[in-house]
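What follows is one structure encoded as structure tokens, with my remarks underneath.
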Amino acid sequence: MREPARRVAVVRERAAGPEDIGRATSAAVARVLAGGVAGGVAGGVAGEGPVRLVGLFPVDLGEVVEVSVALVLEEGWRAGAGVEAGVLPGGVFAFATHVGPYDQMSLTAHAVLAWCAERRHVVRGAVREVYVSDPAVTAPEELVTQLMVCVEEESW
């Protein structure tokens, strides 16, 4: 799937190992939403509707894991106070749709990474989790998340 580059507001958080990723991700989501934007958010991935939040995780997890959460910005809108502005690179991505609780996301990530390895695709950059469902109103077993890994960057 081809994904465009997107302007984002980004917050980073450190997790004390893989078992702490859920806490760090929740903290980053809270911070990026609290930081706000001047304008609003928009986007879209694979016909799934608007993209608001994208989690970014390293492929190789170590003792300390750098977690980032990006809030996609509409044209003309900018990151609020205390939030870093940036661009989420586009490219060609391998992806799968995960339906279920976030704590089972690693199963889908392993499947996508195995698919890439079998086809000798080099993974470029972070694993992306595009949060399609709102966990505040969706039961954990019904959460929809698109998991994406870049296999070819866009050339400019």
Side-chain angles (χ1 to χ4, degrees), residues 1-37 40-62 65-74 79 83-84 86-119 121 123-154:
M1 166 179 89
R2 183 164 298 282
E3 176 73 6
R6 297 179 186 280
R7 290 179 53 259
V8 294
V10 180
V11 167
R12 300 179 202 303
E13 187 78 26
R14 287 184 183 252
E19 66 284 345
D20 191 37
I21 290 175
R23 182 212 52 84
T25 303
S26 294
V29 167
R31 284 180 46 220
V32 78
L33 292 177
V37 294
V41 296
V45 173
E48 294 291 335
V51 172
R52 287 201 62 197
L53 295 171
V54 180
L56 303 160
F57 307 90
V59 173
D60 297 317
L61 303 178
V65 180
E66 184 81 23
V67 172
S68 299
V69 174
L71 180 66
V72 177
L73 301 173
E74 259 186 48
V83 179
E84 179 183 334
V87 174
L88 200 54
V92 175
F93 289 78
F95 76 98
T97 301
H98 174 84
V99 178
Y102 295 141
D103 65 1
Q104 295 177 5
M105 191 78 64
S106 63
L107 301 172
T108 304
H110 288 279
V112 171
L113 293 170
W115 182 91
C116 290
E118 289 169 3
R119 286 154 185 81
H121 290 302
V123 174
R124 303 177 189 284
V127 173
R128 297 183 187 186
E129 293 179 1
V130 179
Y131 304 111
V132 178
S133 302
D134 180 350
V137 297
T138 306
E141 63 276 2
E142 296 175 2
L143 290 169
V144 177
T145 308
Q146 287 191 331
L147 192 128
M148 304 168 57
V149 293
C150 185
V151 295
E152 180 184 320
E153 295 174 353
E154 284 185 342

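Computed from heavy atoms alone, side chains included, the values below leave out hydrogens, waters and symmetry copies.
Tyr102 meets the ring-ring contact (aromatic ring centres under 6.0 Å, His included) test with Tyr131; sequence neighbours excluded. By the side-chain hydrogen bond (donor to acceptor under 3.5 Å, both in side chains) test, Gln104 pairs with no residue at all, sequence neighbours left out.
Side-chain atoms of Glu129 and His98, non-hydrogen and from C-beta on, never get closer than 4.5 Å to each other. Looking only at side-chain heavy atoms (C-beta outward), Glu13 and Arg23 come within less than 4.5 Å of each other. Residues Val112 and Val127 are not in side-chain contact: their nearest non-hydrogen atoms beyond the backbone lie 4.5 Å or more apart. The closest side-chain heavy-atom distance from Asp20 to Val65 is not below 4.5 Å. Here the side chains of Arg119 and Val151 are not in contact, with every heavy-atom distance at 4.5 Å or above. The side-chain heavy atoms of Leu71 and Arg52, taken from C-beta on, include a pair separated by under 4.5 Å.
Atoms CZ and CD, from Phe93 and Gln146 in turn, are 11.5 Å apart once rounded to the nearest 0.5 Å. We find the CD-CZ distance between Glu3 and Arg128 to be 6.5 Å, quoted to the nearest 0.5 Å. Separation of atoms CG (Leu113) and NE2 (His121) is listed at 12.5 Å; rounding is to 0.5 Å. To the nearest 0.5 Å, the span separating CD on Glu66 from CG on Leu61 amounts to 12.5 Å.
The heavy-atom pair separating Val59 from Gly125 by the smallest distance is CG2-O, 3.7 Å. Val8 and Leu73 get closest at one heavy-atom pair: C-CD1, 3.7 Å. The two residues Arg2 and Val92 have their closest heavy-atom pair at NH2-CG2, 3.4 Å. Pairing each heavy atom of Val144 with each of Ser133, the nearest pair is N-OG, 2.9 Å. Between Gly62 and Pro18, the closest heavy-atom pair is O-CD, 3.6 Å. Among all heavy-atom pairs drawn from Leu143 and Pro135, the shortest one is CD2-CA, 3.7 Å.
The only member of Val69, Val132, Thr25 that meets side-chain contact (heavy atoms from CB on, under 4.5 Å) when paired with Leu53 is Val69.
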**OP:** Under the side-chain contact (heavy atoms from CB on, under 4.5 Å) rule, what do Val54 and Leu88 come out as? Steps first, then yes or no, please.
**Re:** CA-CA 10 Å; Val54 180; Leu88 200 54; 4.2 Å; yes
